[in-house]
Amino acid sequence: MKISVDSPSKTIDLALTLSCGQVFRWLQYGHSWVGTLGNTLIKIRQRKGYLEVQPSNPILRSTISDYLRLDDDLESIISELSGDTFFRQVAYEVRGLRILRQDPWECLISYICSRNSRISMIRRVLNNMCRRFGEKVTLGQYTNYTFPGPEEILNAKPSELIGCGLRYGRRQAEEIKNAAELVHKGILDFNVLKKIPYPEAKIELTSLCRGVGSKVADCVLLFSLEKLEAFPIDVWVARAMVNLYHDYLDKRLVKRVRSNHRLSNADYERLSMFARDRFGRYAGYAQEYLYHWIRTKNC
DNA sequence: CCCCAGGCACATT
DNA sequence: AATGTGCATGGG
């Protein structure tokens with residue numbers, strides 16, 4: 001299957017998009033990327049002007065283009081974001097990076113597991129969970145595992161989840177099972193969260209789900225629930241904001257971030273408000289660009 | 001041994 | 001409302 005990306009509005013850098021840290025389970029084999037969408041293994045390769053997709057079983061073209069958010073007009077989003085010369089440079093350096101439209105359940109569990117951890121660790125935990133509780137899917141020489149659904153997680157023993165390498169052991173295992181129960185019982189309904197406004201959806205997520213605070217909620221809202229104004233702030237994004245916009249921010253906040261203090265709720269909200277005020281409805285794209293920019297700039 | 005990583009929940013002031 | 005602290009893995 002071929003998907004054309006041969007126009008400025010459909011620009012994509014597939015490798016950058018799949019490896020920048022918004023999603024954790026894609027694997028690179030040479031020029032190809034292998035992952036799963038639902039129960040289907042997907043092998044995808046970027047060619048000149050189009051994407052070449054090989055699914056393990058029949059799949060709609062729109063499943064891929066929805067996942068990659070090819071419906072986002074990247075050219076106009078970037079021009080709307082590039083209000084200052086600092087950010088224009090950032091946007092240029094990460095051109096082709098798209099926000100993905102992930103499955104909300106997988107995204108929620110992934111970011112519950114991400115707390116105070118690092119990307120390589122998160123990858124390992126999630127892959128362990130999929131190997132243990134997911135289903136094996138193959139395409140030729142390639143093997144992958146589906147992400148286990150709420151029912152599989154509900155039936156899992158906490159000790160088995162802990163054995164996957166959770167950062168906070170039993171406590172996090174309970175959080176994951178709690179989320180599974182909420183989804184299974186229909187108390188947490190992602191289709192509803194997609195429709196209601198960002199502030200309400202965020203309150204709903206943080207109040208219902210144990211282990212979900214401001215940062216995790218913003219990640220889930222941005223990466224899987226259509227809230228492009230969500231602006232997740234981790235230490236890296238805080239550093240990027242402070243580097244670029246220190247003149248507009250509270251001096252003590254700048255000092256705290258620079259001296260590597262943990263980000264307080266108050267500082268999170270302050271940075272959050274500033275970001276949405278500055279970047280508007282596509283603040284989430286700005287966040288992802290800043291995140292990647294500050295990390296690659298320093299490494 | 002130290003430090004830190006896509007933080008949260010709860011106690012204390 | 002703001003700040004402090006336990007959690008408790010694994011890599012540099």
Side-chain angles (χ1 to χ4, degrees), chain A residues 16-26 94 97 99-100 102 106-129 158-179 182 202-203 205-225 227 230-242 250 252-253 255-273 275 283-299:
Chain A
L16 185 53
T17 298
L18 297 180
S19 69
C20 71
Q22 58 179 318
V23 68
F24 302 101
R25 297 204 308 118
W26 285 90
V94 302
L97 174 50
I99 301 282
L100 294 168
Q102 300 182 40
E106 176 169 351
C107 191
L108 175 63
I109 299 305
S110 299
Y111 280 93
I112 286 177
C113 295
S114 80
R115 269 192 3 240
N116 205 21
S117 188
R118 9 183 132 206
I119 290 176
S120 58
M121 286 288 124
I122 303 163
R123 276 203 187 104
R124 211 178 59 175
V125 175
L126 295 173
N127 282 322
N128 285 343
M129 282 176 52
S159 61
E160 290 180 299
L161 289 168
I162 296 166
C164 294
L166 290 173
R167 171 74 176 81
Y168 291 110
R170 180 160 301 275
R171 174 166 141 189
Q172 233 161 13
E174 294 303 333
E175 291 166 3
I176 291 169
K177 287 182 74 87
N178 170 250
L182 292 173
K202 182 164 178 176
I203 290 170
L205 266 180
T206 51
S207 54
L208 275 176
C209 303
R210 280 187 292 166
V212 177
S214 258
K215 161 66 169 57
V216 171
D218 278 335
C219 287
V220 178
L221 290 163
L222 173 61
F223 298 137
S224 72
L225 293 171
K227 308 300 187 249
F231 192 87
I233 305 168
D234 68 334
V235 288
W236 294 98
V237 173
R239 279 173 204 154
M241 292 293 284
V242 160
D250 179 78
R252 285 167 303 174
L253 184 156
K255 201 169 180 179
R256 284 193 290 274
V257 170
R258 286 191 166 149
S259 59
N260 245 343
H261 275 211
R262 303 194 225 188
L263 202 61
S264 68
N265 279 341
D267 283 347
Y268 190 101
E269 285 312 314
R270 277 191 273 264
L271 281 171
S272 213
M273 293 297 287
Y285 261 99
Q287 182 274 354
E288 204 55 18
Y289 289 0
L290 290 171
Y291 178 72
H292 188 260
W293 169 75
I294 191 80
R295 284 170 61 93
T296 52
K297 198 183 74 145
N298 289 3
C299 295

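So you know, we letter chains A, B, ... as the sequences are listed, proteins then strands, and number each from 1. Just so you know, these numbers come straight off a predicted model, no measurement behind them.
Between dA5(B) and Arg239(A), a contact under 4.0 Å exists linking OP1 or OP2 to a side-chain N or O. Side-chain N/O atoms of Arg124(A) include one lying less than 4.0 angstrom from OP1 or OP2 on dG11(C). An OP1 or OP2 oxygen of dG6(B) is reached within less than 4.0 angstrom by a side-chain nitrogen or oxygen of Arg295(A).
With rounding to whole Å, Ile162(A) atom CD1 is found 15 Å from dC7(C) atom P. Nucleotide dG6(B) holds its C1' atom 12 Å from the CG atom of Leu126(A), rounded to whole Å. If you take CZ of Arg210(A) and P of dG7(B), they are 20 Å apart, rounded to a whole angstrom. Here dG6(B) presents its P atom at 9 Å from CZ of Phe24(A), a figure rounded to the nearest Å. Atom CZ of Arg115(A) and atom P of dC10(B) are 11 Å apart (whole Å). Going from atom CD1 of Ile112(A) over to atom P of dT9(C) covers 19 Å, rounded to whole Å. What separates CG of Asn116(A) from C1' of dA9(B) is a distance of 13 Å, to the nearest Å. Gln172(A) places its CD atom 13 Å from the C1' atom of dG6(B), with the value rounded to the nearest Å.
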* Does the pair Asp267(A) and Arg256(A) meet the rule for a salt bridge (charged side-chain N to carboxylate O under 4.0 Å, His left out), with working shown? -> CA-CA 9 Å; Asp267(A) 283 347; Arg256(A) 284 193 290 274; 2.8 Å; yes

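Residue contacts for Asn265(A): at a heavy-atom cut-off of 4.0 Å it reaches no nucleic acid atom on any strand shown. Backbone-only contact: Ser214(A) has heavy atoms under 4.0 Å from sugar-phosphate atoms and none from a base. Using a 4.0 Å heavy-atom criterion, one finds that Glu288(A) contacts the bases of the nucleic acid, with or without backbone contacts as well. Residue Val125(A) is classed as having no contact, given no heavy-atom separation below 4.0 Å to the nucleic acid.
Distance check on atom P: dC2(B) versus dG6(C) gives 15 Å, rounded to whole Å. Comparing the same atom, C1', in dC3(B) and in dA8(C) gives a spacing of 15 Å after rounding to whole Å. Rounded to whole Å, the P atom of dT9(C) lies 15 Å from the corresponding atom of dC1(B).
The minimum heavy-atom distance linking Leu108(A) with Ala179(A) is given by the pair CD2-CB, 4.1 Å. Nearest heavy-atom pair, Arg115(A) versus Arg171(A), reported as atom, atom and distance to 0.1 Å: NH2-NH2, 3.6 Å.
A salt bridge links Asp218(A) and Lys202(A); the closest N-O separation between the charged side-chain nitrogens and carboxylate oxygens is under 4.0 Å.
Using a 5.5 Å limit on the distance between ring centres and a 30° limit on the angle between planes, the aromatic ring of Tyr291(A) counts as stacked on the six-membered base ring of dG6(B).
Nearest-nucleotide positions on DNA chain B for Tyr111(A) and Glu175(A) put Tyr111(A) closer to the 5' end. Judged by closest nucleotide on DNA chain B, Phe223(A) is the one of Cys209(A) and Phe223(A) placed further toward the 5' end.
Contact of Arg118(A) with dC4(B) (side chain to base): a donor-acceptor pair of N or O atoms is detected under 3.5 Å. Between the side chain of Arg171(A) and the base of dC8(B), at least one donor-acceptor pair of N or O atoms lies under 3.5 Å. Interface remark: the Arg262(A) side chain does not form any donor-acceptor pair with the dG6(B) base, using a distance-only criterion of under 3.5 Å.
No more than 12 heavy-atom neighbours from other residues, nucleotides or ligands sit within 6.0 angstrom of CG on Asn265(A).
Atom NZ of Lys227(A) is separated from atom CG of Leu225(A) by 6.5 Å, given to the nearest 0.5 angstrom.
Taking the six-membered ring wherever Trp is involved, the centroid distance between the rings of Phe24(A) and Tyr111(A) falls below 6.0 Å.
Proximity note for Ile119(A) (side chain, C-beta onward) versus dT9(C), dG6(B), dG7(B): the nearest is dG6(B). Proximity note for Tyr168(A) (side chain, C-beta onward) versus dA5(B), dC7(C), dC8(B): the nearest is dC7(C). Comparing dG6(B), dG11(C), dA2(C) by their closest approach to the side chain of Met121(A) singles out dG11(C).
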